[in-house]
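Residue numbers begin at 1 in each chain, while the letters A, B, ... track the order of the sequences. As a basis for the values below, the full set of heavy atoms in this structure was taken, side chains included, without hydrogen atoms, waters or symmetry mates.
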There are 2 protein chains.
Amino acid sequence: MTLTRTTKLERGRGALGPALELVHTGRAPTRAVLTAELGVTRATAGAVAAELAALGLITVDAHPVAAEGTQGRPSHRLAIDPAGPVVLAAQVHADGFRAALVGLGGRIVATAPGCMTVGADPAHVLGEVVDSGAALLRETRRRCVGAGLAVPSAVAEPEGTALNPLHLAWDAGAPVREIFSGCLAERDIPSGLSGGPATGWTANDVNLAALAEHRHGAGRGAQHLLVVGTGHRGVGGALVSHGKLHTGSSGLALEVGHLTVDPTGRPCHCGGRGCLDVEADPLAFLEETGRRPGPEVSLLEQALELIRAEYDTDARVRAAAGTLIDRLGLGLAGLVNILNPDRIVLAGLHRALVDVDGARLRGAITERSLWGRSGELPVLPCSLRHNSLVGAAELAWQPVLDDPLRLLPA
Amino acid sequence: MTLTRTTKLERGRGALGPALELVHTGRAPTRAVLTAELGVTRATAGAVAAELAALGLITVDAHPVAAEGTQGRPSHRLAIDPAGPVVLAAQVHADGFRAALVGLGGRIVATAPGCMTVGADPAHVLGEVVDSGAALLRETRRRCVGAGLAVPSAVAEPEGTALNPLHLAWDAGAPVREIFSGCLAERDIPSGLSGGPATGWTANDVNLAALAEHRHGAGRGAQHLLVVGTGHRGVGGALVSHGKLHTGSSGLALEVGHLTVDPTGRPCHCGGRGCLDVEADPLAFLEETGRRPGPEVSLLEQALELIRAEYDTDARVRAAAGTLIDRLGLGLAGLVNILNPDRIVLAGLHRALVDVDGARLRGAITERSLWGRSGELPVLPCSLRHNSLVGAAELAWQPVLDDPLRLLPA
DNA sequence: TGTCTTTGTGTCGTTGGCAAACAAATCTGT
DNA sequence: ACAGATTTGTTTGCCAACGACACAAAGACA
């Protein structure tokens with residue numbers, strides 16, 4: 001008679017995903033905290049932690065050390081397994097791309113920048129991106145369990161097409177997700193998961209930056225996080241509500257670039273005037289300062305450098321920053337009235353603006369937003385270095401976070 | 001030895017809530033459909049249906065009749081028990097109030113309008129509202145399991161205070177939910193649920209209208225439903241995302257009245273110019289037609305009557321409607337770019353506008369919204385008579401839908 | 001009438017978790 | 001040093017909530 005014992009490892013399957021997410025986002029430093037956060041018994045939490053450790057995703061330290069000022073038996077520390085699997089993450093922008101391997105917890109394990117041939121088509125660029133990632137995988141000999149890509153364009157759902165890749169010289173409507181997935185398949189990047197080949201998860205870069213900031217950065221703990229930022233041209237936005245990206249019904253939500261912030265302002269390609277896209281992006285800033293943008297580095301870098309180097313010494317730079325802050329504040333106030341976020345995080349050029357005069361920005365928002373608690377609404381600079389890249393990794397990690405048992409044995 | 005058998009009725013507890021919601025929203029006409037929608041076995045679905053019937057919430061017909069053109073054994077029909085419990089729902093507006101008893105399925109069982117003393121304070125008004133509801137309960141002898149209230153003001157969460165009850169002559173910040181709950185307790189309206197006294201669920205009327213339209217009306221099945229409408233003054237909005245109201249972090253989301261639709265337009269009390277609130281509400285419409293609004297009935301009713309009676313004959317009325325449609329379209333386009341809904345439902349005056357010239361409104365939205373599929377975006381009139389009232393009932397039903405076992409035995 | 005199709009019901013086994021008793025590890029006070 | 005106090009981890013027993021399966025029921029169709 002075969003006695004199939006219900007082993008401890010088979011318990012707690014339902015809580016595996018939530019538990020991994022807690023460790024992933026740093027909200028479960030110890031097993032005791034995990035127990036409380038999951039709302040389960042110590043027995044169940046123990047089984048869950050053991051199973052995640054058996055899957056090679058987390059580590060449970062063998063010899064816990066007591067925290068200071070606490071009584072009782074010290075709890076085992078939980079941590080992301082530093083030798084665990086990684087995902088391939090990449091970000092494409094106007095000047096080039098960056099490929100990386102990212103572990104759980106949003107930790108970048110290895111990364112490499114790449115140049116982009118001007119005018120190259122998406123298949124060519126994404127091929128280079130995946131080649132670069134594959135090289136990192138060979139160097140580090142890490143197991144890969146997914147791939148994610150951030151692009152500076154709205155991405156239509158569920159097709160995965162790039163609708164306005166203006167700064168990449170790609171065709172509008174290019175099937176980016178399909179192309180990326182194809183590149184992964186061609187180069188035999190395994191999915192690492194049960195059920196099908198590797199899927200190249202693809203989304204808009206600001207959306208992914210927001211996701212990353214919510215899970216690992218300045219947006220941590222926010223219920224309704226609004227992220228607004230610039231790349232090299234234009235302004236993008238994203239909303240993370242209750243931990244999930246609000247992408248809308250077809251991925252086109254938070255296209256905030258065409259909020260009107262100056263009815264008499266610059267004409268915009270959308271047909272209107274004074275849109276945020278043309279009034280509060282790096283080019284607009286450079287124009288306000290009276291400088292001629294040079295072709296050597298990106299507009300964003302020129303703008304950031306100008307603020308860094310001359311904000312304290314050049315009144316024109318200060319005035320330009322103030323002008324952009326007021327416009328941005330107007331746009332944000334409109335968004336606050338519609339979305340009622342409990343935190344705002346700014347990226348790109350806007351991050352620099354809140355750094356140099358956060359008070360003015362907060363004032364501009366409060367002045368135009370309604371009965372809210374906007375005075376108490378935190379407006380913070382983003383806190384992660386490569387937030388779109390980390391966000392692309394989040395996308396790729398999501399299936400694992402949803403059900404860790406889908407991981408194939410190493 | 002006591003043999004405590006696991007009876008059939010104790011099964012399927014976890015699926016009770018989802019099952020009741022399916023019947024409530026009309027998505028489970030038969031037990032077979034319920035089985036498929038829940039994704040459980042027939043045995044479990046049977047147990048769930050039996051338990052809901054035992055709770056007095058639904059009926060399972062004894063002698064099923066085969067549907068035409070189908071083979072196999074006919075499935076039992078599921079329906080809301082017409083003798084089941086009700087909730088007390090009420091709506092307050094500038095001219096008065098309306099109290100009602102509403103059963104599951106959004107069916108209004110009994111209703112009575114009420115006048116409001118001009119300038120009366122909230123405690124007085126809500127006292128009359130609850131008295132009116134209590135009278136209906138005595139008349140109908142129905143069991144009451146909750147109470148909900150719709151107010152024409154933003155309601156701050158989690159406090160439940162009315163932030164801008166401009167049209168009610170109430171103080172801004174009046175603790176409406178607390179007052180309503182107090183009135184219920186004073187009059188011994190039972191909660192009908194385990195755990196505590198009756199709670200007077202309270203929310204903004206447009207939000208509740210949106211919830212009602214999503215569950216029982218023109219918004220059924222939408223993933224991201226945007227509702228915009230007028231009461232007697234001003235413009236309100238609401239978003240239902242994946243079946244849940246997006247209230248934002250403190251209940252103040254979708255305050256769409258201050259979107260700018262005409263930079264050179266009327267001054268608004270918010271300090272700006274040309275806000276939707278003053279450019280697309282019933283007063284604005286009446287002004288555009290050149291009529292002097294009379295004091296006898298509400299502005300909304302005057303506007304609706306004017307459209308009904310004179311749209312076909314009076315060019316000035318048509319022109320005014322066109323002007324408002326264009327402004328509304330501009331505002332909606334902005335919202336579409338931010339929220340990316342897959343359906344728009346219009347209420348109040350805006351419902352009449354889409355009725356008389358929906359094509360113009362759809363054109364105005366498409367023209368200004370970006371790379372979306374806005375051409376395919378349905379823009380519909382609302383379809384429920386008292387949608388805020390039904391929405392208030394939804395609020396009160398929610399605890400029962402979440403866990404029907406909280407219902408106390410009759 | 002027999003067969004097919006679909007739906008409802010009863011039985012059994014598995015699973016995922018809880019409760020409680022116990023064991024372990026550390027702090028605190030004497 | 002030693003005895004509680006406190007907190008955490010582990011083991012055992014148990015049970016509710018299902019699914020799987022076989023069978024029964026009720027109609028359509030030939």
Side-chain angles (χ1 to χ4, degrees), chain A residues 1-19 28-54 58-78 403-405, chain B residues 1-19 28-54 58-78 403-405:
Chain A
M1 173 179 171
T2 53
L3 188 70
T4 50
R5 292 290 304 151
T6 299
T7 73
K8 205 172 59 178
L9 284 189
E10 288 176 5
R11 300 177 59 169
R13 294 167 73 116
L16 271 185
T30 67
R31 238 194 61 174
V33 174
L34 179 69
T35 304
E37 291 287 319
L38 286 177
V40 298
T41 58
R42 291 197 294 271
T44 303
V48 167
E51 175 124 26
L52 289 176
I58 71 171
T59 58
V60 183
D61 66 351
H63 302 290
V65 185
E68 289 180 35
T70 62
Q71 289 189 33
R73 176 175 173 175
S75 190
H76 293 162
R77 299 279 172 97
L78 303 179
D403 181 9
L405 293 176
Chain B
M1 173 178 172
T2 55
L3 188 70
T4 52
R5 292 291 306 153
T6 299
T7 74
K8 205 172 59 179
L9 283 189
E10 288 176 4
R11 301 177 58 171
R13 294 168 73 114
L16 271 186
T30 68
R31 240 193 62 173
V33 174
L34 179 68
T35 304
E37 290 287 318
L38 287 177
V40 297
T41 58
R42 290 196 295 267
T44 303
V48 167
E51 176 125 24
L52 289 176
I58 71 170
T59 57
V60 183
D61 65 350
H63 301 292
V65 185
E68 289 180 34
T70 62
Q71 290 188 34
R73 176 174 174 175
S75 190
H76 293 162
R77 299 277 172 96
L78 303 180
D403 181 10
L405 293 175

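Residue B:Val48 forms a side chain to side chain contact (heavy atoms under 4.5 Å, CB included) with just one option from B:Thr35, B:Leu16, B:Val40, and that option is B:Leu16.
In terms of heavy atoms, B:Arg31 sits closest to B:Arg42 at NH2-O, 3.4 Å. Summarising the geometry of B:Ala19 relative to B:Leu52, their closest heavy-atom pair is CB-CD1, 4.0 Å, with the distance given to 0.1 Å.
With C:dG10, D:dG9, D:dG19 as the choices, the nucleotide that has an atom nearest any side-chain atom of B:Thr44 turns out to be D:dG19. Distances from the side chain of B:Thr41 to the nucleotides D:dG19, D:dT11, C:dT7 place D:dG19 closest.
At a threshold of 4.5 Å between non-hydrogen side-chain atoms, the residues A:Leu78 and A:Val60 count as touching.
The interatomic distance linking A:Leu34 (CG) with D:dT7 (C1') rounds to 16 Å, in whole Å. Separating the NE2 atom of B:His76 from the P atom of D:dA24 is a distance of 18 Å, rounded to the nearest angstrom. Atoms CZ (B:Arg77) and P (D:dG27) sit 13 Å apart, rounded to a whole Å.
Side-chain nitrogen and oxygen atoms of A:Arg42 include none within less than 4.0 Å of the OP1 or OP2 phosphate oxygen of D:dT10. Taking 4.0 angstrom as the limit, B:Arg31 places none of its side-chain polar atoms (N or O) nearer than this to OP1 or OP2 of C:dT7.
Using modelled atom types, no side-chain atom of A:Thr30 and backbone atom of A:Ser75 make a donor-acceptor pair closer than 3.5 Å.
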Between the protein and nucleotides 25-30 of chain C, which nitrogen or oxygen pairs come in under 3.5 angstrom?
residue : atom : partner : partner atom : Å
C:dA25  : N3   : A:Arg73 : N            : 3.4

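Partners of B:Ala36 under the side-chain contact (heavy atoms from CB on, under 4.5 Å) rule, at least two apart in sequence or in another chain, do not exist in this structure.
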